[in-house]
Every structure is written in structure tokens, then in C-alpha cells.
Amino acid sequence: MNRGVVAEWQRQLVESASRLLAENRSGGFTRPSSGQYPHQWNWDSAFIAIGLARIDAGRARDELLTLVRGQWSSGMIPHIVYHGGASSYFPSPDFWGTDELAAAPAVTTSGFTQPPILATAVRKLAESSGGAGQDPFARALFPALMSWHRWLHAARDPDGSGLVAIIHPWESGTDNSPRFVTALERLGAVTPPPYLRKDQHFVAPAERPVAGDYDLFMYLIGRYRDLAWDDALLYREAPFLVQDVLFNSVLYRAERDLLSLARELGEETGEIEGWLSAARAGFDRLWDEASGLYFDWDVRAAEPLVENTCASLSPLYAGVCTEGRAQRLVSEHLLNEEEYAPGAGSRYFLPTVSKNSLHFEPRRYWRGPIWLNINWLLIKGLREYGFTEEAEVMRNHTIELVRRSGFVEYYDPRDGSPCGAANFSWSAALVIDLLLEDEVQDV
Ligand code: DGY
């Protein structure tokens with residue numbers, strides 16, 4: 001469907017989103033938010049590039065090339081790249097202890113990764129150049145993408161289960177999501193290395209992770225620093241090892257995009273097809289027939305992490321569920337007022353934690369507020385399964401939220417009021433993408 005002429009208010013919204021992305025620009029990359037997050041974050045940059053692809057493809061390419069400068073020789077693309085050195089942000093570059101490692105790049109980075117949206121962003125850019133076959137940028141980035149995805153499978157799924165595991169909640173991108181509570185409780189009382197939080201300077205403490213969560217985050221970083229970030233040791237000894245549904249959904253979708261890039265570039269496709277087929281079997285294990293939801297798998301405890309959050313719905317975005325499972329996710333959960341649908345205490349899609357969870361907190365980071373990247377993923381997933389009306393409602397809510405409260409980090413689902421950091425880049429970028437898209441079926 002062609003949406004036709006863009007209305008004046010839409011044009012103005014695209015203009016203010018573009019202005020924000022220009023203000024947050026720092027050399028070759030975009031800061032997620034200039035005060036709270038002044039470095040380059042992995043999945044932020046990929047989401048930002050998806051929006052930039054609609055208005056300035058050259059800048060979108062720079063964004064991704066700058067991210068790849070942080071790639072380790074092992075193939076890992078880390079979650080933070082500190083191009084400008086230390087800042088007001090904690091953890092500071094030296095906290096990670098990565099500088100002296102043989103695999104680390106010239107620029108300082110964090111020691112672990114984040115959900116791999118990158119291949120999806122590269123494919124979007126290639127599409128806007130008439131396909132990867134015509135796009136020197138896609139050809140140039142393809143080896144870096146393959147090497148990252150190979151690392152993900154080799155380092156994080158050495159036993160070939162089909163699903164990769166994360167070693168820290170920050171790798172999920174949804175740091176304090178309640179789905180990790182049980183896995184973290186198993187760690188017992190921890191002693192983190194000495195540290196000083198700085199994240200509550202720009203954002204109210206009530207909207208940030210609680211102190212106990214931060215202790216656990218820092219404790220795990222300290223443990224992994226002591227293991228010199230060695231992949232084999234980390235997989236063997238990480239006390240937190242979780243097959244995260246959201247991470248694997250993003251990965252699956254990215255590998256569908258990687259497959260399409262490989263075909264267009266005339267590259268070998270067997271390895272990628274193998275990853276996709278193994279992942280399909282893996283996702284079957286994450287499905288819980290009784291509740292009609294997908295749950296993370298705690299590798300260390302060998303049990304599911306039973307908590308209903310937006311991650312449970314993310315296989316819609318991957319396109320990895322059967323029609324029957326997709327139908328259950330939508331009718332029993334997404335459209336259920338007690339869980340995610342507007343009504344019963346919320347006005348907008350999509351609270352990131354089910355409203356009837358004991359852990360639901362509508363303003364605290366990943367404990368319930370609406371995040372626009374999750375809305376964006378689900379809009380894509382709903383369309384893929386033919387839920388076009390539901391996707392349209394979620395798209396309208398997403399746009400209404402920014403018209404009401406601006407481009408903030410997250411939104412209170414009860415009234416759409418702003419939470420978290422101000423001037424948040426991916427909120428601007430993804431709204432540009434939604435406003436300028438000309439096709440509903442965009443898969
Ligand atoms: C933070 O500092 O809160 C980030 O989410 C870490 O990636």
C-alpha cells in the first residue's frame with residue numbers, strides 16, 4: 001500500500017526527528033542521547049541507521065562503518081564503542097579491562113555484545129540502492145557481518161543447540177527485564193568491584209534499574225574481566241548464561257536478511273541456511289504450549305525463565321512461529337487487556353512487561369514502559385503474519401506517543417508521558433522510518 005503524500009504535520013515531525021539526529025551526531029556516529037549515553041551503542045546504531053536510510057543514506061553508511069571499527073578480531077561487535085575516550089558515562093572505558101587484549105581493536109570497547117540488528121540495517125540500505133548486487137557498501141560490509149554471526153554461533157552456541165546464549169543482561173539490550181530475575185537470584189549475595197553509578201544524573205532514579213540490579217551488572221563485568229574476556233572460559237564459567245528469546249529473534253531475522261544479501265551478492269549461502277534451520281528447532285524448545293508464550297532458557301539451571309514480557313512476543317518479528325502460534329501470541333496476549341492491550345490501566349501499545357506481572361513498573365526502564373524499538377519490531381512482525389490492522393494501531397500509537405511527549409527514551413503506558421533520557425536517537429530514527437515507509441508489507 002502506498003501511503004501517498006506526507007501530511008504537513010508528518011513532514012514537520014520528520015524534520016524535528018532529523019534535527020535531533022543531527023544534534024546527537026558525533027563524528028561518524030550518533031550518540032543515543034548526548035547526556036546519558038554519549039558513546040556508540042551497537043543496536044542503537046543499527047536502529048538509527050534504519051531511520052537515517054530514509055533521509056541520508058550516506059550518513060547511515062558512516063554510522064555502520066564507524067560501528068564496525070569496534071569489531072574484535074574474533075568477529076565480535078561489542079555493545080559499546082568509546083570512540084572519544086572517557087566521558088561522564090559509567091562504566092568508563094578502563095572499567096572493562098579490554099584494552100590490552102590481543103583480540104581487541106584500536107578503539108576501546110566494552111567486552112560483550114548486543115542484539116544483532118546490523119545485517120537488517122545493511123539490507124535496508126542495500127534495498128534503497130536497488131539491491132545488494134548494486135551496492136558496494138553491502139559488498140564491503142558482508143565479510144564483517146559474516147564474521148560477527150560466525151562468532152555468535154561459535155562462541156555462544158558451541159554445543160550447536162541452534163540458539164545463542166547471552167552472558168550478561170546488558171547483552172539483551174533490556175537490562176533489568178524481569179525475565180532475568182530468577183537467573184540473577186541464583187547468584188546469591190555478590191560483591192561487585194568498587195564502582196560509582198552515574199546514570200541517575202540525567203534520569204530520575206525511579207526510572208532506572210534499582211541498586212541491587214546494578215551490583216549484579218557490575219559483579220558480572222568484574223567476573224568476566226578476571227577471565228580476560230576469553231570466549232571459551234566465558235561460556236564455561238559465566239554464572240549467567242541465558243538463551244534469550246528476543247536476542248535470538250533479532251538474530252534469526254538478521255540471518256534471513258544476511259541470506260538475502262548473500263544471494264544478491266553471489267556468496268555461498270549454505271552456512272547461513274544451516275544457522276536458520278538449527279534455530280527453528282531451537283525456537284520450538286522455547287515455546288510453552290500451556291501458556292501460549294515463548295520463554296528464555298536458563299542454560300545453567302536447565303529450565304525456562306517463566307516471565308511474560310515483550311520478548312515472549314518477539315518471535316513474530318523473527319517470522320519463526322507457525323501460524324497457529326502467531327495467532328495465540330496475538331489473540332491471547334497482545335490483544336489481552338490484562339497483559340498488553342490498552343484498557344485495564346494502560347492507554348498505549350506496548351508495555352514491555354505484561355501488566356499483570358508482579359514485576360510490572362510502568363516507569364522503570366525495562367520493567368514496563370513502552371520502548372519504540374520494541375513497537376517497531378512488533379509492527380514488522382504483525383504485518384508479516386497478516387495482522388495488518390493490529391500493526392496499524394501499533395504504528396499509530398507509536399507516532400502519537402512522540403507527538404505527545406517528544407523523542408524520549410521510553411514512555412509510560414498509562415498516559416504516554418515521557419520517561420528516561422531526553423532526546424533519544426532511536427525514537428527519532430524509528431519514527432522517521434514509520435512515517436516515510438511506503439509499503440505496509442516490508443519484509
Ligand atoms: C546503561 O548504561 O544503562 C546501558 O543500558 C548499558 O548498555
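Remember, it's 1-based here, ligands and their atoms both numbered in the order they're listed.
Between Phe142 and Trp148, the distance from one ring center to the other does not fall under 6.0 angstrom.
Ligand 1 has no atom lying under 4.0 Å from any heavy atom of Phe90. The shortest separation from a heavy atom of Arg208 to ligand 1 is under 4.0 Å, placing the residue in contact.
Listed by number with element, the atoms of ligand 1 under 4.0 Å from a non-hydrogen atom of Trp41 are 6 (C), 7 (O).
In terms of protein heavy atoms, atom 4 (C) of ligand 1 is closest to Asp175 OD2, 3.5 Å. Annotation: atom 1 (C) of ligand 1 to nearest protein heavy atom, Tyr89 OH, 3.5 Å.
For the pair Asp175 and Arg367, the salt-bridge criterion is not met [side-chain N within less than 4.0 Å of a carboxylate O]. For Glu400 and Arg395, the salt-bridge test fails: no basic side-chain N is under 4.0 Å from an acidic carboxylate O. One finds a salt bridge joining Arg179 and Asp244 here, because a Lys/Arg side-chain nitrogen approaches an Asp/Glu carboxylate oxygen to under 4.0 Å.
For Phe112, no heavy-atom contact with ligand 1 is shorter than 4.0 Å.
For ligand 1, the polar-atom distance check against His79 finds a nitrogen or oxygen pair separated by under 3.5 Å.
Put simply, the side chain of Cys419 reaches to within 4.5 Å of the side chain of Arg363, judged on heavy atoms.
Ring-plane geometry between Phe95 and Phe90 is classed as perpendicular, the angle between the planes exceeding 60 degrees on a 0 to 90 degree scale with a lower cut at 30.
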